[in-house]
Amino acid sequence: MSLFAKDDAHLVTQGEPLLVETACAKLSARNVNVFYGEKHAIKNVTLDINCNEVTALIGPSGCGKSTFLRCLNRMNDTIDTCRVTGTITLDGENIYTPKVDAVYLRTRVGMVFQKPNPFPKSIFENVAYGPRIHGLTSSRSELESVVLTSLERAGLLEEVSDRLHASGISLSGGQQQRLCIARAIAVSPEVILMDEPCSALDPIATAKIEELIDELQHNFTIVIVTHSMQQAARVSQRTAFFHLGELVECGGTEQIFTNPVHRLTQGYITGRFG
Amino acid sequence: MNSRIPPTPLPSLSIQSAQSLRARIRRRHVAERRFRFYGFAAMFLTLAVLVLVFVSILSKAYTAFQENVLSLTISLDSASIDSTKGSTTGQRNPLTAEYRKLIQTALAGLFPAVTDRHERHLLFSLISEGAPYALRALVTRQQAKIGGDRTVDVLLSDEADQFLKGHITAHVYETERKIKDLQVTWLKELQARGLIHSRFNITLFTAGDSREPELAGILGAVTGSFYLVIVTLSLSFPVGVASAVYLEEFAPRNRITDLIEVNINNLAAVPSVVFGLLGLAIFLNGLRLPRSAPLVGGFVLSLLILPTIIIAARAALKAVPLSIREAALGIGASKMQSILHHVLPLAMPGIMTGTILGLAHALGESAPLLMIGMVAFVVDTPVTLLDPATVLPVQIYLWADSPERAFLERTAAAIVVLLGFLIAMNTIAVMVRIKFERRW
């Protein structure tokens, strides 16, 4: 525990962005605090997430990176005791105002979860569900083409084209996760949030997902929470390091991994704690 | 940083001798065997009781599915059938013929020696009260049968029937039994002549209740039970599921919700007769609904099984993993959509199992229905939900209370039918559970 000397805990400059604002910040968090009841889970985080880039959130377990991710599409709303202060803007519009409909927000900011969670329905129905409830397609053939395109972009079509009506549960873990990605992109979100999408997968399935993330970043802004620093290094352009609810450091992935500014970051990426 | 602590050595144990170790192991095995035996014995006891119940009911019931009839040759000439009695226009009407007289004449013809008024009365009482009506129905249904002598199966009275089935024996004093010595000799003679045979007792399934056991059936009670279950289902299922969804998905976690939860659980433990009194107070005295009506019975039973359904539905909803809800919310489904499209369908097998078991409970319930007058003697099969009706368990109660010996086997038969329904419902519940087992 000697690494976390008392004075380290508040080293992060309060309120001041740690990064140079770029012209294309898709999502901007300003002084975000999250409380679960009494527990102060996120402390004054200010972070920008750029367009068409992959931003990786890393940090030890319980550091609040998943919590922060879930703030970005107001998924935390479902937790009664959760309270969020500060502002998060999507294309300049604060998503935490009463005017913003959280349900609509989530069609713009989609999410892929840690554990593959396909609906216990057919592969086709899994992907078709989003477009259907949002009325994105007007005909059956249109819906089919959306489903097929989404599956293709998720790199799954080839493997499942002959059994679109098989249950989504019958797929392997990696295929299920790609199905979930296909489901997320079927509603054409602008941002995709990924909460440790590979933690339940084997290395081969992980490699496929990582390839897919590389592909997807051309069309989507991606925020990924990961426990694997190699993964963060491989897939992301920018990395943010969280520790005990605070954003310690944020910068280009290469810079973070080769030349971290902060001792905590250095300690974490070199595996001295975490 | 974790400082490396040198492992502390375990406190030195006295080295157990191989012998004491072996003894320990043996004791453990014996204890384990004993433990297993207790479980087996308990299970065996339960099964034995169950078998005993089934055997005892079935052994009493099976004779009820048979009835004894007498083959009588009755002269159905048109003169006696096409009576003009009661007709002002002089038109002939087979409905008004004196069928009782026809049967009695035929029976007296078999025993020409019986002339005494009292003895003739005894002889005629071997025949069921319902026989003339059955004969009339036969004649009106088959007009072609009119004319000449016809051999017709005439239902025997319940006492004769019980004697022939061996439930009433002639070993007790004549004054202590319903069937008299003379009747016994006549029955034996009829049997010797081959005029008596038994047939399937269809009356049991096609008639309503009756004071005459041989004419009594369970159709009225089964219909009443069916109506009751329909009313109960259509009320308690939507209300129960909606409450469960609200409590599980929407209700804020606070003291009021906790209070409601505790009270729902308490409600499940309230004696059913109390629900009957509640129904009496609210539906009969308050709302002035008719007595003995399946509608009111359904209301009362809905109240009774609502807690069961709510508890089962909440458990089923709780069992749907959070990941499914998050998956739906994550692609922009509203809370309602996530519940209606994903959570409820996944919880449905559990909800249905709970509901079916609740309904089975309602089907076997009698105490609350006594309170709202469903214990009345109802002969007619109910047609609407407001007609007076009774239900199977109450019918069983009524018959079990009747003095006639013949009601005993009918009680058992009604129990068999009720158990059949209950077993069928439980089987459906199990099948639903297996078919739609958790699929995530």
Side-chain angles (χ1 to χ4, degrees), chain A residues 1-4 70 73-81 101-121 125-134 136 167-170 176 179-189 192-195 200 267 272-273, chain B residues 1-5 245-261 314 316-353 432-440:
Chain A
M1 291 301 284
S2 63
L3 201 65
F4 310 139
R70 292 166 63 94
N73 68 346
R74 288 181 60 177
M75 210 61 177
N76 282 335
D77 287 15
T78 56
I79 301 165
D80 282 343
T81 55
D101 180 49
V103 171
Y104 174 64
L105 171 73
R106 289 185 204 124
T107 66
R108 295 178 63 193
V109 184
M111 191 152 190
V112 176
F113 297 85
Q114 181 170 3
K115 200 176 137 241
N117 55 356
F119 300 130
K121 297 176 186 238
E125 284 303 316
N126 259 285
V127 184
Y129 180 69
R132 197 174 274 156
I133 59 170
H134 299 304
L136 298 183
S167 166
I169 305 288
S170 67
Q176 286 189 13
L179 177 61
C180 292
I181 294 175
R183 182 176 66 189
I185 60 184
V187 292
S188 313
I192 302 176
L193 310 177
M194 297 186 176
D195 191 356
R272 262 188 283 152
F273 76 94
Chain B
M1 296 287 276
N2 294 334
S3 56
R4 296 220 171 267
I5 306 160
V245 166
Y246 176 77
L247 284 173
E248 206 51 53
E249 308 284 338
F250 293 103
R253 297 258 147 258
N254 57 27
R255 210 171 283 172
I256 297 172
T257 318
D258 288 347
L259 197 71
I260 292 172
E261 268 190 58
R314 288 191 64 185
L317 288 169
K318 210 174 268 180
V320 175
L322 186 66
S323 66
I324 294 289
R325 296 158 214 258
E326 287 193 325
L329 295 178
I331 49 173
S334 67
K335 186 146 191 170
M336 191 185 99
Q337 284 167 333
S338 96
I339 292 168
L340 282 187
H341 298 166
H342 300 288
V343 178
L344 260 187
L346 285 174
M348 213 28 100
I351 297 178
M352 270 157 67
T353 308
V432 165
R433 197 160 50 209
I434 291 170
K435 175 130 201 306
F436 302 102
E437 263 195 320
R438 299 176 184 188
R439 301 172 296 179
W440 51 79

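Naming convention: chains lettered A, B, ... in sequence-line order (proteins, then strands); numbering from 1 in each chain.
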For A:R70, which atoms come within 4.5 Å of any heavy atom of chain B: side chain, backbone, both, or neither?
side chain
Does any heavy atom of chain B fall under 4.5 Å from the side chain of A:V112, the backbone, both, or neither of them?
neither
Ranking A:L193, A:T107, A:I133 by heavy-atom pairs under 4.5 Å to chain B gives rank one to A:I133
Can you check whether A:R74's main-chain N or O pairs, donor with acceptor, with A:R106's side chain at less than 3.5 Å?
yes
Of all pairs that satisfy salt bridge (Lys or Arg N to Asp or Glu O under 4.0 Å), the ones with a partner from residues 329-345 of chain B, not counting sequence neighbours
none
Using a cut-off of under 4.5 Å on heavy-atom pairs, state which of A:F119, A:Y104, A:F113 scores highest against chain B.
A:F119
If you count heavy-atom pairs under 4.5 Å with chain B, which of A:H134, A:Q114, A:K121, A:M111 comes out on top?
A:H134
What pairs with B:R253 under salt bridge (charged side-chain N to carboxylate O under 4.0 Å, His left out), at least two apart in sequence or on another chain?
B:E261
Quick check on A:T78 against chain B: is it the side chain, the backbone, both or neither that has a heavy atom closer than 4.5 Å?
side chain
Mind checking whether B:N254 and B:T257 have side chains closer than 4.5 Å, heavy atoms only?
yes
Are B:V343 and B:E248 side-chain neighbours, meaning at least one heavy-atom pair lies under 4.5 Å?
no
